Student: 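Provided herewith is a single structure, encoded as structure tokens, for subsequent inquiry.
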Amino acid sequence: MPRAVIIGGTGLIGRATARRLLAAGWEVDLTGRDPAHLPADVAAGGARFVAAERDDPAQLAAALGDGADLLVDCICYTADDAALLLPMLGEAGSTVMISSKAVYADAAGHHTNSDTAPRFDGPIRETQPTMAPGGGDHMSREGYGANKVAAEQVLLDSGHPVTVVRPSKIHGAGAARAREWMFVKRVLDRRPAVFLAHRGAGVDHTTAAANIAALIEVVAAKPGRRILNSADPDAPSALEIARTIARQLRHRWDEVLLDDDADQALGRHPWEAPHPIVLDMTAATDLGYTPAGDYAATVAEEVEWLVAVASGAEAGVLPGADDDFFGPLLDYTAEDRYLAAVAGGGGVR
């Protein structure tokens, strides 16, 4: 039986990968800090939790044990993180590092965390230039992508069969910050309208955790030194995402599609992009990858999970009204003021 070790395995990507590999007959070990974060179905499927801190080389080595056919690192953010893996790479048949599309830069050097939005010429291939490798705070806007590039280089320069996977906007059941919540909550609150800036045209490619898992399974069977994008087979706009979720929850609302000159406080959403950000999946397809499903098919489980959590299935998981991220996206007071002005003939656009 082949064996996989997933570092940071109790998170969104680790869970999806564990489910995929367990279904294919793998032995799977997942590292983490708290065994309570291991989903019951993953444990029931035979996965084993191994307590290990990401920055403790002895604990990481102990988790790998005598070796594994597949080593997946879901929480490698910096060059130092990558360096801790180097002594382990020779004991793994294939290694996968989860990186991010945030590393890509356009011709002017702009990236997805820049103050100025990037403008790519078309679907982004793995050969697209990246930010320069860097250090500093890997959780800052400028530091995140630069640190990921530095970590990628450490592993790719190792001479071992390491595959760097670059996903985009990740979604799936169990997400720590599920972007789709902004639409699911609106449905649960029976909101009469959904507001979308720029007429909902924003496209920032989605990536199902289930599709990352499908790609990892292919990489496990075909070890190599490479970089692969990971994204859904379709690239839905914000409007299409809103319609997908409303349809899945059998909800009808008015679509308030705001023009570019509308109040900037209205209609904001997590997929805003003045220029489309789409990942080219040719390299993964050529390797033999087949997606688990398109956006609508793969997001359904997350939507069901969010509804269940909102009903009290998992206390403390969803953000509160004062959440810094979701608060501005769910400003019902401003929306009601807009709707009242329109109903009263106030001429608000």
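Predicted model only: the values in this text are computed from it and were never measured.
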Student: So, do D294 and D232 sit near enough that their side-chain heavy atoms are less than 4.5 Å apart?
Tutor: no

Student: Quick check against the 3.5 Å criterion: does Q59 have a side-chain atom that pairs as donor or acceptor with the backbone of P57?
Tutor: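 Not confirmed, Q59 side chain does not pair with P57 backbone.
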
Student: Closest approach of E240 and A235, non-hydrogen atoms and distance?
Tutor: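 Looks like OE1-O, 4.2 Å.
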
Student: So, taking the atom named OG1 in T95 and the one named CG in L70, what distance separates them when rounded to the nearest 0.5 Å?
Tutor: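 It is 7.5 Å, given to the nearest 0.5 Å.
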
Student: Measure from the side-chain N and O atoms of R179 to the backbone N and O of I170, and report whether any donor-acceptor pair falls under 3.5 Å.
Tutor: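 Pair found, side chain donor or acceptor close to backbone of I170.
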
Student: Which atom pair, heavy atoms only, marks the closest approach of A284 to L215?
Tutor: CB-CD1, 3.8 Å

Student: Counting only heavy atoms not in R119, do more than 12 sit closer than 6.0 Å to its CZ atom?
Tutor: no

Student: How long is the gap from NZ on K185 to CG on L188, to the nearest 0.5 Å?
Tutor: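 Answer rounded to 0.5 Å: 7.5 Å.
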
Student: Within the structure provided, determine whether T285 and L287 are in side-chain contact (heavy-atom separation under 4.5 Å).
Tutor: no

Student: In the single-linkage hydrophobic clustering (I, L, V, M, F, W, Y; side-chain heavy atoms under 4.5 Å), do L89 and I6 co-cluster?
Tutor: no

Student: Between L60 and R54, is there a side-chain heavy-atom distance shorter than 4.5 Å?
Tutor: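 Contact flag for R54/L60 side chains = yes.
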
Student: Below 4.0 angstrom, N of the basic side chain to O of the carboxylate: do R3 and D69 qualify?
Tutor: no

Student: Under the side-chain contact (heavy atoms from CB on, under 4.5 Å) rule, what do I241 and V299 come out as? Steps first, then yes or no, please.
Tutor: CA-CA 10 Å; I241 290 171; V299 82; over 6 Å; no

Student: I'd like to know whether CG of D121 has more than 12 heavy-atom contacts from other residues, nucleotides or ligands below 6.0 angstrom.
Tutor: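 Incorrect, the count does not exceed 12.
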
Student: Would you call Y289 and M281 a side-chain contact if the rule is heavy atoms closer than 4.5 Å?
Tutor: yes

Student: Go through it in stages, so that I can follow the logic: the residues are D323 and W181, the test is side-chain contact (heavy atoms from CB on, under 4.5 Å), and I'd like the CA-CA distance, side-chain angles, deciding distance and then a yes or no.
Tutor: CA-CA 12 Å; D323 183 81; W181 173 239; over 6 Å; no

Student: Taking side chain as C-beta onward, heavy atoms only, is D331 less than 4.5 Å from L266?
Tutor: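 Side-chain contact under 4.5 Å: no.
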
Student: How close do S230 and T207 get, counting heavy atoms only, and between which atoms?
Tutor: O-OG1, 2.8 Å

Student: Is the W271 to F183 ring centre distance short of 6.0 Å?
Tutor: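 Centroid separation for W271 and F183: below 6.0 Å.
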
Student: Who pairs with H138 by ring pair (Phe, Tyr, Trp, His ring centres under 6.0 Å), at least two apart in sequence or on another chain?
Tutor: Y77

Student: Are V72 and I216 side-chain neighbours, meaning at least one heavy-atom pair lies under 4.5 Å?
Tutor: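 Contact flag for V72/I216 side chains = yes.
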
Student: Using every non-hydrogen atom in the two residues, find where T31 and A52 come nearest and quote the distance to one decimal.
Tutor: CB-CB, 4.0 Å

Student: Where do P233 and G293 come nearest, in terms of heavy atoms and distance?
Tutor: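 Of all heavy-atom pairs spanning P233 and G293, the closest is CD-O, 3.3 Å.
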
Student: Is there a continuous path of hydrophobic side-chain contacts, each under 4.5 Å between heavy atoms, that joins L21 to V165?
Tutor: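 L21 and V165: one cluster.
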
Student: Examine distances only and state if a side-chain atom of E301 and a backbone atom of A173 form a donor-acceptor pair shorter than 3.5 Å.
Tutor: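 A pair under 3.5 Å: no.
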
Student: Has R15 got a side-chain atom pairing as donor or acceptor with L38's backbone, closer than 3.5 angstrom?
Tutor: no

Student: With rounding to the nearest 0.5 Å, note down the distance linking CD1 in I124 to CD1 in I277.
Tutor: 6.5 Å

Student: Working to the nearest 0.5 Å, report the span between NE2 of H110 and NE2 of H275.
Tutor: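 Spacing of NE2 (H110) from NE2 (H275) equals 10.0 Å.
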
Student: Supply the atom-to-atom distance I227 CD1 to S99 OG, rounded to the nearest 0.5 angstrom.
Tutor: 8.0 Å

Student: Applying salt bridge (Lys or Arg N to Asp or Glu O under 4.0 Å) as the test, list every pair that has at least one member in residues 193-209; sequence neighbours left out.
Tutor: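 For residues 193-209, and leaving out neighbouring residues, the salt bridge (Lys or Arg N to Asp or Glu O under 4.0 Å) pairs sorted by first residue read K101-D204, K169-D204, R199-D259.
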
Student: If you look only at pairs with a residue in residues 156-165, which of them pass as a side-chain hydrogen bond (donor to acceptor under 3.5 Å, both in side chains), with sequence neighbours excluded?
Tutor: T163-R226

Student: Could you list the residues that satisfy side-chain hydrogen bond (donor to acceptor under 3.5 Å, both in side chains) with T10, not counting sequence neighbours?
Tutor: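 Here no residue qualifies.
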
Student: Under a single-linkage definition using a 4.5 Å side-chain heavy-atom cutoff for Ile, Leu, Val, Met, Phe, Trp and Tyr, are V194 and F326 assigned to the same hydrophobic cluster?
Tutor: yes

Student: Under 3.5 Å, which donor-acceptor pairs link side chains of residues 245-252 to any protein atom two or more places apart or in another chain?
Tutor:
residue: Q248; atom: NE2; partner: A296; partner atom: O; Å: 2.8
residue: H251; atom: ND1; partner: R190; partner atom: NH2; Å: 3.4
residue: H251; atom: NE2; partner: R191; partner atom: O; Å: 3.2

Student: For a side chain to side chain contact (heavy atoms under 4.5 Å, CB included) with H171, tell me which candidate from N211, V303, T298 qualifies.
Tutor: T298

Student: For residues A238 and H269, report the shortest heavy-atom separation together with the two atoms involved.
Tutor: CB-CE1, 3.3 Å

Student: Measure from the side-chain N and O atoms of D81 to the backbone N and O of A151, and report whether any donor-acceptor pair falls under 3.5 Å.
Tutor: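 Looks like no, no N/O pair under 3.5 Å.
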
Student: Report yes if some heavy atom in the side chain of V278 is under 4.5 Å from a heavy atom in the side chain of F120; otherwise report no.
Tutor: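 V278 does not reach F120 side chain to side chain.
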
Student: Applying side-chain contact (heavy atoms from CB on, under 4.5 Å), name anything that partners T130, two or more places apart in sequence or on another chain.
Tutor: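 With neighbours one apart ignored, the set is V103, Y104, V149, R166.
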
Student: Go through the side-chain N and O atoms of D280 and T282 and say whether any donor and acceptor fall under 3.5 Å apart.
Tutor: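 A pair is found: one side chain offers a donor N or O, the other an acceptor, under 3.5 Å apart.
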
Student: Decide whether V184 and W305 are clustered together by the hydrophobic rule: side chain heavy atoms of Ile, Leu, Val, Met, Phe, Trp, Tyr closer than 4.5 Å, transitively.
Tutor: yes

Student: Do the side chain of H205 and the main chain of P236 share a donor and acceptor less than 3.5 angstrom apart?
Tutor: no

Student: Less than 4.5 Å apart, side chain to side chain, heavy atoms only: is that true for L85 and V162?
Tutor: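 A side-chain contact under 4.5 Å is absent here.
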
Student: For D324, I'd like to know if atom CG has over 12 heavy atoms of other residues, nucleotides or ligands within 6.0 Å.
Tutor: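 Atom CG in D324 is not crowded, with 12 or fewer foreign heavy atoms closer than 6.0 Å.
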
Student: At what distance, to the nearest 0.5 angstrom, does CZ of R268 lie from CG of D263?
Tutor: 11.0 Å

